[in-house]
There are 2 protein chains.
Amino acid sequence: MDQKKPGGRTLAGDAYEAIRQSIRTGAVKPGDRLRFADLQALCGMSVTPVREALARLTAEGFTVLDDHRGYSVASLSLAELRDITAARQLCEGEALRLSVTKGDGDWEAGLVAAHHLMARIPQARDDIPSVMREDWEARHATFHAALIAACGSPILLEICEKLFSRADRYRRLSVSLTGGARDVTGEHRRLMELALARDAEGAVAALREHYGRTAAALEGFFKA
Amino acid sequence: MDQKKPGGRTLAGDAYEAIRQSIRTGAVKPGDRLRFADLQALCGMSVTPVREALARLTAEGFTVLDDHRGYSVASLSLAELRDITAARQLCEGEALRLSVTKGDGDWEAGLVAAHHLMARIPQARDDIPSVMREDWEARHATFHAALIAACGSPILLEICEKLFSRADRYRRLSVSLTGGARDVTGEHRRLMELALARDAEGAVAALREHYGRTAAALEGFFKA
DNA sequence: GAGTCAACGATTTTCGAAAATCCGTGTGAT
DNA sequence: ATCACACGGATTTTCGAAAATCGTTGACTC
């Protein structure tokens with residue numbers, strides 16, 4: 001039945017995950033070319049699903065396509081970091097404002113649950129403190145999604161989700177450079193508390209500052 | 001050399017344009033399934049480039065994908081119209097604010113030029129007044145892009161472009177229903193004048209109202 | 001008669017090879 | 001010495017068919 005992969009969906013989906021993971025963890029570096037031959041070897045499949053995976057990754061900004069020259073990993077830059085940060089402050093800020101205003105009991109419950117799961121595990125790995133734990137990053141994403149889940153705008157949610165994943169590589173960089181210097185846990189707790197207290201403006205301000213700090217922590221790195 | 005198509009790029013790109021045009025003009029209706037056999041016949045090529053085209057269209061919200069059930073044309077709804085409108089008011093509003101603040105002489109020149117080209121031709125076709133002219137729509141898109149071109153944020157520009165094209169089908173619907181009742185030309189002129197006068201807040205307000213009217217004109221339609 | 005399940009047809013998804021394209025190298029002319 | 005151009009290898013892009021999957025029909029049991 002399933003060709004040795006009980007994933008349950010399509011090979012293209014598996015390829016998407018595999019390549020995305022390679023990019024996020026740094027197995028392939030920004031600017032590197034992504035040759036189909038290599039990716040086929042990595043994913044263990046033919047060219048067609050790999051091509052579809054790259055199309056999706058390109059739509060999300062992880063890779064870029066040059067016609068007839070193939071795909072390569074999108075570069076990182078200070079300019080893009082600032083751009084992403086500003087866009088997130090705008091879009092996710094507005095989504096949070098709406099969510100705090102319109103959220104019901106279920107939204108509160110989901111937020112508390114997501115925060116609890118995230119707070120239960122450490123951010124960095126025990127063996128290599130400069131590397132972010134995969135499961136923490138997943139719960140971190142869930143927490144931020146829970147904050148804005150009640151905004152009522154699928155399009156805004158989609159935009160925020162894409163921006164969040166696009167910021168992922170910068171976030172990892174921040175952790176590897178600054179370590180646990182920042183009180184990220186406290187910032188998250190405060191965000192949740194402001195949201196639950198229905199302090200929309202306060203929560204939005206805290207969120208913007210939250211993102212601003214991540215960007216600021218990396219400003220220095222890019223100048224070197 | 002080129003296989004009868006002097007397009008100059010890739011077949012996947014041609015397929016993207018062809019299918020997108022079929023969707024925009026209503027040759028295929030919202031909700032319709034898009035069978036690969038039909039699309040191959042329409043585009044005159046094999047399945048691979050068609051598949052890549054659909055992947056791109058899905059990323060832009062024109063089509064939706066059900067695993068193992070193929071692609072279909074995305075539906076239209078009042079809820080989505082409202083959602084798109086709100087997102088555009090937020091993102092394009094902010095982009096316009098930045099653009100008006102930071103734009104230089106070249107930006108002004110580009111804006112004036114784009115407006116002139118758009119104002120030179122009528123919005124609707126002579127033979128069928130309820131159908132929007134293709135070339136007008138293209139210049140209309142260029143004009144709106146020119147308004148925000150100087151915002152300095154590639155990501156914001158990309159978001160706005162996607163939202164603009166996603167609103168395209170609703171815009172056509174609006175033209176076919178209300179005809180030329182609205183003074184769209186005047187609204188555009190006013191937008192340009194406010195931008196050139198560096199009245200950021202006034203321009204943003206005008207833009208929001210501009211979009212709000214398109215949405216309002218369609219509210220009634222969806223309730224029937 | 002209602003429900004379950006297996007086989008069929010339609011369609012998507014994937015494969016492996018062929019065709020087209022790009023980039024770098026080397027040759028020859030000015 | 002510099003430039004233009006053609007050739008060759010590496011890589012992407014596309015093809016046409018095979019494999020996998022889904023929805024449905026129809027027979028069979030309870």
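Just so we're on the same page: letters track the sequence lines, and every chain starts at 1. The figures here come from the full heavy-atom set of this structure, side chains too, leaving out hydrogens, waters and symmetry mates.
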Inset, instruction - Grab the CD-C1' distance between A:E52 and D:dT12 for me, whole Å please. - result: 17 Å
Legend entry - Salt-bridge contact A:R24-A:E134 (side-chain N to carboxylate O under 4.0 Å): yes
Legend entry - Nucleotide nearest A:V47 (side chain, heavy atoms from C-beta), chosen from C:dT14, C:dA17, C:dT13: C:dA17
Inset, instruction - Measure from CG on A:L39 to P on D:dT12 and round the result to the nearest Å. - result: 8 Å
Inset, instruction - Among D:dT13, D:dG16, C:dT14, find the nucleotide with the atom closest to the side chain of B:T10. - result: D:dT13
Legend entry - A:R35 with A:D38: basic N within carboxylate O range, under 4.0 Å: yes
Inset, instruction - Figure out the CZ/P separation between A:R9 and D:dA20, and round it to whole Å. - result: 19 Å
Legend entry - Short side-chain N/O contact to D:dT12 OP1/OP2 from A:R35, under 4.0 Å: no
Legend entry - Proximal nucleotide (of D:dT13, C:dT11, C:dT14) relative to the A:Y71 side chain: D:dT13
Legend entry - Whole-Å gap separating P (C:dT12) and CD (B:Q40): 9 Å
Legend entry - A:L54 CG to D:dT11 C1', straight-line distance once rounded to whole Å: 14 Å
Inset, instruction - Figure out the NE2/C1' separation between B:H68 and C:dT12, and round it to whole Å. - result: 8 Å
Legend entry - Nearest-nucleotide comparison on DNA chain C, the residue closer to the 5′ end among A:R69 and A:M45: A:M45
Legend entry - B:Y16 OH to D:dT13 P, straight-line distance once rounded to whole Å: 17 Å
Legend entry - Residue A:A12, side-chain heavy atoms: nucleotide from C:dT14, D:dT13, C:dT13 that is nearest: C:dT14
Legend entry - side-chain contact (heavy atoms from CB on, under 4.5 Å) against A:L57, all qualifying residues, sequence neighbours excluded: A:Y16, A:I19, A:R20, A:L54, A:F62, A:T63
Inset, instruction - Find the distance A:R51:CZ to C:dC15:P and express it as a whole number of Å. - result: 14 Å
Legend entry - Ion pair B:R172/B:D168, N-O distance below 4.0 Å: yes
Legend entry - Net bend of the helix from C:dG1-D:dC30 to C:dT30-D:dA1, end axes of five pairs each, nearest 10 degrees: 0°
Inset, instruction - Would you mind classifying the nucleic acid contact of A:L34 as base, sugar-phosphate or nothing, using non-hydrogen atoms under 4.0 angstrom? - result: sugar-phosphate
Inset, instruction - Run the salt-bridge test on A:R51 and B:E52 with the 4.0 Å N-O cut-off and return the result as yes or no. - result: yes
Inset, instruction - Salt-bridge test for B:R133 and B:E137: reply yes if a basic N is under 4.0 Å from a carboxylate O, no otherwise. - result: no
Legend entry - Any pair counted as side chain to side chain donor-acceptor pair (under 3.5 Å), so long as it reaches residues 97-111 of chain B, sequence neighbours left out: B:E94-B:R97, B:R97-B:E201, B:S99-B:W107, B:E108-B:R198
Legend entry - Given DNA chain C, 5'-ward residue of the pair B:T48 and B:G70, judged by closest heavy atom: B:G70
Inset, instruction - Taking only the side-chain heavy atoms of A:F36 (C-beta and beyond), determine which of D:dT13, C:dT14, D:dT14 contains the nearest atom. - result: D:dT13
